[in-house]
Amino acid sequence: GIQVEQSPPDLILQEGANSTLRCNFSDSVNNLQWFHQNPWGQLINLFYIPSGTKQNGRLSATTVATERYSLLYISSSQTTDSGVYFCAVKLYSGGGADGLTFGKGTHLIIQP
Amino acid sequence: EAGVAQSPRYKIIEKRQSVAFWCNPISGHATLYWYQQILGQGPKLLIQFQNNGVVDDSQLPKDRFSAERLKGVDSTLKIQPAKLEDSAVYLCASSSDREGTQYFGPGTRLLVL
C-alpha cells in the first residue's frame with residue numbers, strides 16, 4: 001500500500017518561531033489533507049491540497065504532486081499551535097476505497 | 001453547519017463485553033468512514049459507506065467488529081466481544097462525495113480493562 005512519511009517526528013519551538021513540516025508519499029494521490037490534532041484529540045482540517053499552494057492566516061501548504069511531497073508552513077507560532085500534525089493521502093480510487101492513509105504525525109510543542 | 005457528531009465520548013468496559021458507538025455525519029454527506037486511532041499512531045480506516053452500502057471493509061476485524069448505516073444517514077459501530085487491544089479512539093468522518101474533504105468527529109475514547 002501507499003507509504004506516508006512525515007518529518008520531523010518531534011519539534012520544540014519558542015513562541016514566535018516559524019516551522020516547516022514535511023510529508024513524503026510513495027504513489028500518486030488525488031486527495032491530500034493536513035490535520036491538526038489538538039490535545040483533546042479532535043482532528044481539525046487545515047488544508048485539502050492534492051496539488052498547488054494554499055494559505056490560511058499564519059498557515060500555508062504546498063503540494064508538489066509530481067515529486068510526491070507536501071509541506072506545511074507555520075509562521076509566528078503560538079502556544080495554541082501545539083499538538084500533532086498529520087498528513088493523510090488517498091490514492092486514485094478507480095472504484096476502490098477512499099479512506100485516507102495517515103502518516104505517523106509531527107508532534108509540535110510551542111513553548112511560551 | 002453542524003459538524004460530525006459522535007457518542008459516547010468515553011467508554012470503559014471489561015474485556016469480552018460488547019460496546020457500540022454512534023455517528024451522525026454532516027447533513028447531506030453521502031460518504032461515511034470509521035477509523036481506529038491507537039495511541040501514538042495515525043488513524044486507520046476500518047470501514048467506508050457510500051449511502052447505506054459498504055464500499056470497503058477490508059481492514060475491519062469481522063470476527064468481532066460490525067457496522068451498519070441502515071438509512072444512509074447515521075451509523076453504528078459495534079465490538080463484540082472486546083479485547084484489550086481494542087483500546088483506542090474511534091473516529092467517524094464524512095464527506096460530501098468520495099473525492100472530497102473528509103471531516104472528522106470528536107471521537108469515542110474506548111478503554112478495555
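Sequence lines set the chain letters: A, B, ... in the order given, protein chains first and strands last, and positions in each chain run from 1.
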CD (B:Gln48) and CG (A:Leu100) are apart, to the nearest 0.5 Å, by 9.5 Å
### Query
Honestly curious: do B:Leu77 and B:Phe49 fall in one hydrophobic cluster under the side-chain, below-4.5 Å linking rule?
yes
So OG1 of B:Thr101 and CG of A:Asn31: to nearest 0.5 Å the spacing works out to 6.5 Å
Using a 6.0 Å cut-off, check whether atom CD of B:Gln41 has over 12 heavy atoms from anything other than its own residue.
yes
Those residues of residues 43-79 of chain A that come under 4.5 Å of chain B on a heavy-atom basis, listed by number, are A:Leu43, A:Asn45, A:Tyr48
When the 4.5 angstrom heavy-atom criterion is applied to B:Tyr103 and chain A, the contacting part is both
Legend entry - Cluster overlap B:Leu45 with B:Ile79, hydrophobic side-chain contacts below 4.5 Å: no
Judged by atom type as modelled, is there a donor-acceptor pair below 3.5 Å linking the side chain of A:Gln42 to the main-chain atoms of B:Phe104? yes
Heavy atoms from other residues, nucleotides or ligands near NZ of B:Lys71 exceed 12 (cutoff 6.0 Å): no
The interface call for A:Gln6 against chain B, heavy-atom contacts under 4.5 Å, is neither
Turns out that what part of B:Ile47 lies under 4.5 Å from chain A's heavy atoms comes down to neither
Are more than 12 heavy atoms, taken from residues, nucleotides or ligands other than B:Leu39, located less than 6.0 Å from that residue's CG atom? no
Check your understanding: Would B:Trp34 end up clustered with B:Val4 when hydrophobic side chains under 4.5 Å apart are linked, directly or stepwise?
Key -> no
query = Applying the 4.5 Å side-chain criterion to the ILVMFWY set and letting contacts propagate, would B:Val54 and B:Tyr90 be lumped into a single cluster?
reply = yes
- Single-linkage hydrophobic cluster B:Leu46~A:Phe102, side-chain heavy atoms < 4.5 angstrom: no
Under 4.5 Å to a heavy atom of chain A? For B:Gln37 that would be side chain
Does the side chain of A:Gln33 reach to within under 4.5 Å of the side chain of B:Gln102, using non-hydrogen atoms? yes
Disulfide bond (SG atoms under 2.5 Å apart) pairs touching residues 10-75 of chain B, sequence neighbours excluded, are B:Cys23-B:Cys92
